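A short worksheet on the structure shown next.
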2 protein chains.
Amino acid sequence: MTRGVRLTPIRYQVLELIWGSHKAVKAYDLLDRIKPLQPMAKPATVYRALDFLIEQGLIHRVESLNAFIGCSYSGQQHEQLLLICKLCHEVEERAAEKVMKTLAREMKQLAFVAHSKSIEIHGICIKCAQPMVNQT
Amino acid sequence: MTRGVRLTPIRYQVLELIWGSHKAVKAYDLLDRIKPLQPMAKPATVYRALDFLIEQGLIHRVESLNAFIGCSYSGQQHEQLLLICKLCHEVEERAAEKVMKTLAREMKQLAFVAHSKSIEIHGICIKCAQPMVNQT
DNA sequence: AATTGAAATGTTATGGTATAACATTTCAAT
DNA sequence: ATTGAAATGTTATACCATAACATTTCAATT
Ligand SMILES: [Zn+2]
Ligand SMILES: [Zn+2]
Ligand SMILES: [Zn+2]
Ligand SMILES: [Zn+2]
């Protein structure tokens, strides 16, 4: 019986590219950057790798950007909250346990059985907000 | 000086179509359904109407579905939480004030200036879960 | 070492989502 | 009547994602 999970070269290369960026990465950008390594790569090549990496909890899809970001809590079971900066475009993942607990309570009260939760906040991150303070 | 907001026939027709459904509606489905009324309608026609209606707070974009849903709290300033049922595909909007307050507190603590918040929960709604209980 | 079957990848084609760019029309204020 | 902004018409294209089928890989079994 096989191990059930194979991090093949293509999958590993896609994962590396995503992990190498703090910004969300687009599928077709990945495709362009994979091509030098895998000249025969096509959209399906990338999307299959992405599907696999999402299933394994190694990356997340950023719904509001149609893009992908590395998971900061791989392995641990978790719900994620993504903070997306409009200026530097970096995406930060937070566990936000209090928020998630409050959310779980709300779902229970509404008798809604949640299978997946996505919280995406667009705004200005602390690194981009700080410099503004110092401007004359 | 003009009123600044004009709910033109096209915009009104798109709004009516979205309001007429408790499920999220796709842009190209709207286009098909608008065509009998506005035979010259094109993608841009629909997307412009959608942009306008979102700006006015009359509809929301459901990021995880690439689709649109009528706002249940139009007029009132609010953050929304969308409950999306995998079975009946209905989308319910909730104010979820406790969740939003907890979220706001979290953002403040992280010094992240939020401009827009999107919470989308996929799962099974109470109407679809209830009948299962009664099954033999 | 050959067999085999599932998983992964290659390949072609197409469908679905969204916007850019420029032309024309509408419409209310002057 | 003029005018200028907002809205709409129109064409083209870019971007995002999957279906369907062929072929290859690879580890377990014989
Ligand atoms: Zn994560
Ligand atoms: Zn930033
Ligand atoms: Zn709303
Ligand atoms: Zn349901």
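None of these values were measured; they are calculated from a predicted model. First the proteins, then the strands, lettered A, B, ... as listed; each starts at 1.
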N/O donor-acceptor pairs under 3.5 Å from side chains in residues 8-20 of chain B, not counting sequence neighbours:
from	atom 1	to	atom 2	distance (Å)
B:Arg11	NH1	B:Arg6	O	2.7
B:Gln13	OE1	B:Gln38	NE2	3.3

Ring pair (Phe, Tyr, Trp, His ring centres under 6.0 Å) pairs, two or more places apart, involving residues 24-57 of chain A:
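Listed once each, the pairs would be none.
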Contact between A:Ile121 and A:Ile84 at the side-chain level, heavy atoms closer than 4.5 Å - yes or no?
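A side-chain contact under 4.5 Å is absent here.
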Report the distance from atom [atom1] of [X] to atom [atom2] of [N], rounded to the nearest whole Å.
X: A:Leu50; N: D:dC15; atom1: CG; atom2: P; answer: 17 Å
X: B:Leu7; N: C:dC27; atom1: CG; atom2: C1'; answer: 16 Å
X: B:Leu65; N: D:dC16; atom1: CG; atom2: P; answer: 18 Å
X: B:Asn66; N: C:dT19; atom1: CG; atom2: C1'; answer: 14 Å
X: A:Arg61; N: D:dC16; atom1: CZ; atom2: C1'; answer: 8 Å

Reading nucleotides 8-13 of chain C 5' to 3', which nucleotides get B (base under 4.0 Å from a protein heavy atom), which S (sugar-phosphate only), which -?
SBBBB-
Looking at B:Tyr47, does any N or O in its side chain come under 4.0 Å of the phosphate oxygens OP1/OP2 on C:dA18?
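For C:dA18, OP1/OP2 do have a side-chain N/O of B:Tyr47 under 4.0 Å.
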Sequence neighbours left out, what pairs pass side chain to side chain donor-acceptor pair (under 3.5 Å) with at least one residue falling in residues 83-97 of chain B?
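Every side chain to side chain donor-acceptor pair (under 3.5 Å) pair that includes a residue of residues 83-97 of chain B, provided the two are not neighbours, is A:His115-B:Lys86, B:His60-B:Glu93, B:His78-B:Glu93, B:Glu90-B:Lys127, B:Glu92-B:Arg94.
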Give the residues of residues 16-29 of chain B touching DNA chain C, defined as any heavy atom closer than 4.0 Å, sorted by residue number.
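Residues of residues 16-29 of chain B under 4.0 Å from DNA chain C: B:Lys26, B:Tyr28.
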Looking at every heavy atom in both [X] and [Y], which two are closest together, and how far apart are they?
X: A:Val91; Y: A:Ala24; answer: CG2-N, 4.0 Å
X: A:Glu106; Y: B:Val99; answer: CB-CG2, 4.0 Å
X: A:Val46; Y: A:Ala27; answer: CG1-O, 3.6 Å
X: B:Ile69; Y: B:Ser21; answer: CD1-O, 4.3 Å

Just the dot-bracket of DNA chain C, please: which string comes out with Watson-Crick or G-U pairs under 3.5 Å, [ ] for crossing, | for another strand?
||||||||||||||||||||||||||||||
Donor-acceptor contact below 3.5 Å, side chain A:Ser74 vs main chain A:Gly57:
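Answer holds: yes.
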Check: B:Ser64 main-chain N/O paired with B:Glu120 side-chain donor or acceptor under 3.5 Å:
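Yes, B:Glu120 side chain to B:Ser64 backbone: donor-acceptor pair under 3.5 Å.
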Please determine, by modelled atom types, if A:Ser118 and A:Glu63 share a side-chain donor-acceptor pair under 3.5 angstrom.
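Absent: no donor and acceptor within the cut-off.
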